[in-house]
Amino acid sequence: MDGSTNSLDDVSAGSSTEFPDRLSLMEMRLQAQDDEITLLKSSLADALRKLRLHEQQIPLLKQQLIAVNPGAARVLNQPFCIDGFSKPCRLSASSLDGLHHPPNRHTPAENGDGSKGHPIPGLKLGSSEKSTQTEPWTPEPTRTPLALTRASKSLSLQDALPEGVPLMEEDLIKETPEEDDNEEEREKEQGWCSLVEESIKPTMVRSLQQQQSKSSDEGQGSAPHTPTSSSPAPPKEAVCSPHGGPLSPILEGKKTLTRRNSEKLSKDSQDKSKQRMPKKAASSTNLLTRSPSLEGRAKDLLSSTGAQGSRRGTQGQSIKMFIRGRPITMYIPSNIQNYEELRMDFPTEKLDLDWVYGYRGRDCRGNLYVLPSGEAVYFIACVVVLYHVTNRTQRHYRKHTDCVRCLAIHPDKVLVASGQTAGVDKDGKPLQPFVHIWDSTTLVTLQQIGLGTFERGVGSVAFSNADAGTFLCVIDESNEHMLSVWDWKKNTMVLEVKSTTEAVFAVEFSPADTSNIITCGKSHVYFWTQSAGTLTKKQGIFGKYKKPKFIMCFVFSLTGDVLTGDSEGNILTWGKSAADIKTLGKGAKETFQIMKQTRAHEGSVFTLCILQGGALLSGGGKDRRIIRWSADLAPERECEIPEKFGAVRTIANVDGEELLVGTTRNAILRGTFSDGFVAIVQGHVDEMWGLATHPSQNLFLTCGNDKQACLWNAEDHSLGWCTHLEESGLCADFSPNGSVVSIGLSTGRWLVLDVQTREVVCDLTDGNEQLSVMRYSPDGSFLAVGSHDNFIYIYSVMEGGRRYTRFGKCTGHSSFITHLDWSKDGKYIMSNSGDYEILYWDVAGGCKLLRNRFESKDREWASYTCVLGFHVMGVWLEGSDGTDINALCRSHSEKVVAVADDFCKVHLFQYPCPKPKAPSHRFFRTGEPKRKGDSMNRDGKRSSTLHKFGLTLHKQECDGKCNVTVCFGVLGQLA
């Protein structure tokens, strides 16, 4: 027993003694392999440089050949047949190297096998291998004699050389296999040759010289021989002239060329190429996959454990996410011990829509009404807003799946019909348009009309009046603008007919007769009559009056006449006229003709509104005037709205004196003729891109393509100020002290504005491409400017944000910058780009790119707006194409993250969210999927902001609820 114990102790002691020696031996072997790889890289890079030199000289040599031998131009790149019937071949590139031959040389040449060549003027055929063919050259169309074509099979390189210039046999053997490599391999080698061009270490020089001397007797080829791990054998370099040109091996050679049969040479080159291909593939694979250092090998070993999934795969300390087939590696933080056991739950917070800013008046009409409850009804994107004018409160109807385009009020003044445009779902499949009929008191949907019937969208809707609103007339946006009449309570279509291929602006039932319908639009006004289940139309006749290009709007007078407003600025009164039997003959029917023309506005008449006493209101486009007319169309009063609000789009009567006016610059005005008009609702006019929230106050700033920067008050829902920018504003951020705000423009220029005075305190430019993100460091000492030129510009900030000097530039992204965040210590930046890169930067160390991303896995970030990262990987759906997430923002408490996707929804996830298929609260559709952006509020109460195509989300956590204000820029609306 004691003996066995002692023997075991001896073995253990011996093992412990041998372990350091074995470890040292392994390290020596690894170092030797590293040296071999370095040697291989240098040899391969040298061979690739030689390949490029030869290929660059081929066109020059061809030109020299043609210059000294014009007869060669006819056959240089023309297909030839070896036996008259077999596959065609062309001159090899190697057979053209160094060609200088007198034009009148006709001596038959003897091939390497003793055969006689045909007498061709100074040329012989090289190889028929396809991979050695030169680039196509198309001469002028000529007919080549048959004898010349047959004789071309014996063309060789020596016949083209000047007399007395020999060519070494070893040079021919060297050059021919070089051209046998196919063109695709060359392009790949040239593409990554710069990655392997490394200098040979001084310690390796003697070893390299010894290997060259050992391999001097071996055959030479264009690509270096792949050495084994035990005996590296780089190829012997060719002797070159001081000029390094491709002719130097020929001019300095001492041995004459021994001609060979072209077919035999081609066959040999094919066999050698096939034998060399597996070796080259294995060599390239090893070169690209083997780490050049022990540290790299250790990290590769750590990250190689685990199996890769179809989209996400865990590999020990990292996990991979795939977007469009591109792997994105995320490193797991140290505080996560077991990634697989992480559990994702719904966040405890929820969102609730609080306020909608703006109004869609730029490209819609007839979209503002007043209910008996005192609420104004209008729409923005997917939301129908009910705004109480006196109490300044809002309610929202949110059952639409895409942008609302039209509204109609039921005769009972309670029910509302709203039609939407077609859209797409998350899978890209089209969503069909429809009309919703809903109760404005309860916001309950009563009926969905026309799903699967309408095409593209719903352009106009109208309730019937004579029968208490039993029927609903709808005109869709198809090519024929189909007109359909529905019994909406039964959800049945009564009839359908094609209206016109021209644009249709409005439709209405006659207030006295449900069987009469009127439509107007481009170059027409139609009077429709329903009879026996069909609709017949009669076109209004303009007669002696000038036919306008557009009939913009119409109303019914109390006398039953139809009043239209047109693009010529006139109000036309239409009435029925008896049938003109004298002109049209018997059977002629009554027609609708112009009874009176009244000059009303300069430019188009955009809207008409009938008051209770029979008076008429008209709104002008170009002159921005609102005119009150008597029943017989005599002007009574008028006023002009301010130019900054645009033209009059629509008018809604409140109580006979007070009016609501919707404008073409997306504003709603309230006022009277006596007191004038003030804005109660405002918004951007064009697409909104930039958003920033104040760090300590309930303020946020927006900017967009309308060249306006607007500061909004989130408490009283008012516009603080608006200033004009010379260019489109695309991004913005407040300084941490809140005194200034920086705005990035579309030309690389960026401004810094004083929040109180709107004064421009700084005006700088970086590059000439649009800026995509502005972000101050947490302490305000730096400003990062992300641009579409792939750079991040870093500025030092002084004097409280009023003076800026360039600190450095982060260079390394291969696509435009999309998002960036600062670390909590203000020394590092994390950034995303358009090609789904995640890069980290050491700003304090000189804006250096941190190539070892593993070291940033535990870094804490002051904000989190980057859409790609380990902590937010779970917000991406399976099969995402990389553009599905437009904006993302983490809350100040770091408990939730809000996401705006490309399908018009806002999501609220638990933070961190690193697991796929994480649950989330989904909220209303905000609008068309167009824009992206993000922002962050830094105070403790309103702690997170985010925006998609100009969407802002304020989350208030003090009471455990989330009161949300959302801003989205679909044609400038804010919600």
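What you see is a predicted model, and the numbers here were worked out from it, not measured in a lab.
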Pair Lys827 + Asp842: basic N to acidic O under 4.0 Å: no
Side chains of Leu711 and Leu699 in contact at under 4.5 Å (non-hydrogen atoms): yes
message: Any side-chain to backbone donor/acceptor pair from His921 onto Pro347? Under 3.5 Å, distance only.
response: yes
| field | Check: Asp686 side chain, Asp706 main-chain N or O, donor-acceptor pair, under 3.5 Å | value | no
Next on the checklist: Please evaluate residues Glu894 and Lys824 with respect to the criterion salt bridge (charged side-chain N to carboxylate O under 4.0 Å, His left out), reporting the C-alpha separation (whole Å), side-chain torsions for both, the decisive distance (0.1 Å), and the verdict.
Outcome noted: CA-CA 13 Å; Glu894 302 186 11; Lys824 288 186 176 181; 3.0 Å; yes
Notebook entry, point to check: Is the side chain of Thr818 donor-acceptor paired with the backbone N or O of Asn832 at a distance under 3.5 Å, no angle test?
Noted result: yes
Is the closest side-chain heavy-atom distance between Trp750 and Met774 below 4.5 Å? yes
Donor-acceptor contact below 3.5 Å, side chain Trp721 vs main chain Val755: yes
In short, Tyr359 meets Ala667 closest at the heavy-atom pair CD2-O, 3.7 Å
Is the distance between the ring centroids of His684 and Trp689 under 6.0 Å? no
So, do Met344 and Pro919 sit near enough that their side-chain heavy atoms are less than 4.5 Å apart?
-> yes
* Asked: Would you call Asp345 and Arg343 a salt bridge, using N to O less than 4.0 angstrom?
  -> yes
What one should report as the nearest heavy-atom pair of Ser318 and Thr329 is CB-CG2, 3.8 Å
Does Asn698 use its side chain to pair, donor to acceptor, with the backbone of Ala714 at less than 3.5 Å?
no
Heavy atoms of Leu342 and Lys915 approach each other most closely as O-NZ, 3.1 Å
Minimal heavy-atom distance between Ser742 and Tyr776, with the atoms involved, is OG-CE1, 3.5 Å
Problem set entry | cation_pi(Lys809, Phe791) dist<6.0 Å, angle<=45 | yes
Parallel under 30°, tilted from 30 to 60°, perpendicular over 60°: which one fits the rings of Tyr795 and Tyr804?
perpendicular
In terms of heavy-atom contacts, Gly800 and Asn737 come closest through O-ND2, 3.3 Å
Under 3.5 Å, is there a donor on one side chain and an acceptor on the other for His819 and Ser831?
no
Students often mix this up, so state it plainly: with edges at 30° and 60°, are the rings of Phe870 and Tyr339 parallel, tilted or perpendicular?
tilted
request  = If the plane angle is over 60° it's perpendicular, under 30° parallel, otherwise tilted; pick one for Tyr331 and Phe854.
outcome  = perpendicular
**Prompt:** Is the closest side-chain heavy-atom distance between Phe909 and Val899 below 4.5 Å?
**Reply:** yes
Leu725 side chain near Ile743 side chain, heavy-atom distance below 4.5 Å: yes
Would you say the side chain of Leu888 lies within less than 4.5 Å of the side chain of Val867, judging by non-hydrogen atoms? yes
- Salt bridge check: are Glu727 and Lys707 linked by an N-O gap of less than 4.0 Å? no
message = Could you check whether Arg324 and Ser880, counting side-chain N and O atoms only, form a donor-acceptor pair closer than 3.5 Å?
response = no
Rounding to 0.5 Å, atoms OH (Tyr911) and OH (Tyr864) come to a distance of 5.5 Å
The reported gap from CG in Asp766 to CD1 in Ile792 (rounded to nearest 0.5 angstrom) is 12.0 Å
Open item on the list: Quick one, Val761 and Leu753 - any side-chain contact, counting heavy atoms below 4.5 Å?
Closed with: no
message = Can you confirm whether more than 12 heavy atoms, excluding those of Lys848, are under 6.0 Å from its NZ atom?
response = no
In terms of side-chain heavy atoms, does Thr865 have a donor or acceptor partner in Asp821 at a distance below 3.5 Å?
yes
Could you tell me whether a side-chain N or O of Asp902 sits under 3.5 Å from a main-chain N or O of Asn886, the two making a donor and an acceptor? no
Between the CD1 atom in Ile885 and the CH2 atom in Trp876, the distance rounded to the nearest 0.5 Å is 5.5 Å
* Do Asp858 side-chain atoms and Ser334 backbone N/O form a donor-acceptor pair below 3.5 Å? -> yes
- If you measure from the Lys or Arg side-chain nitrogens to the Asp or Glu carboxylate oxygens, is any gap between Asp835 and Arg326 under 4.0 Å? yes
Hey, is the main chain of Leu730 close enough, under 3.5 Å, to the side chain of Gln770 for a donor-acceptor pair? no
Open item on the list: Does Arg859 qualify as a cation-pi partner of Tyr840, given the criterion of NZ or CZ under 6.0 Å from the six-membered ring centre and within 45 degrees of its axis?
Closed with: no
Please check if the side chain of Arg749 supplies one atom and the backbone of Asn768 the other of a donor-acceptor pair under 3.5 Å. no
Ile817 backbone acceptor or donor facing Ser772 side chain under 3.5 Å: yes
In short, His717 meets Asp354 closest at the heavy-atom pair CE1-OD2, 3.3 Å
Here the gap from Gln708 atom CD to Gln682 atom CD, rounded to the nearest 0.5 Å, amounts to 10.0 Å
#### Entry: Intermediate values then yes/no, ring-ring contact (aromatic ring centres under 6.0 Å, His included), Trp712 and His694
CA-CA 10 Å; Trp712 306 86; His694 198 277; over 10 Å; no
Salt bridge or not between Asp754 and Arg802? Use side-chain N to carboxylate O under 4.0 Å.
yes
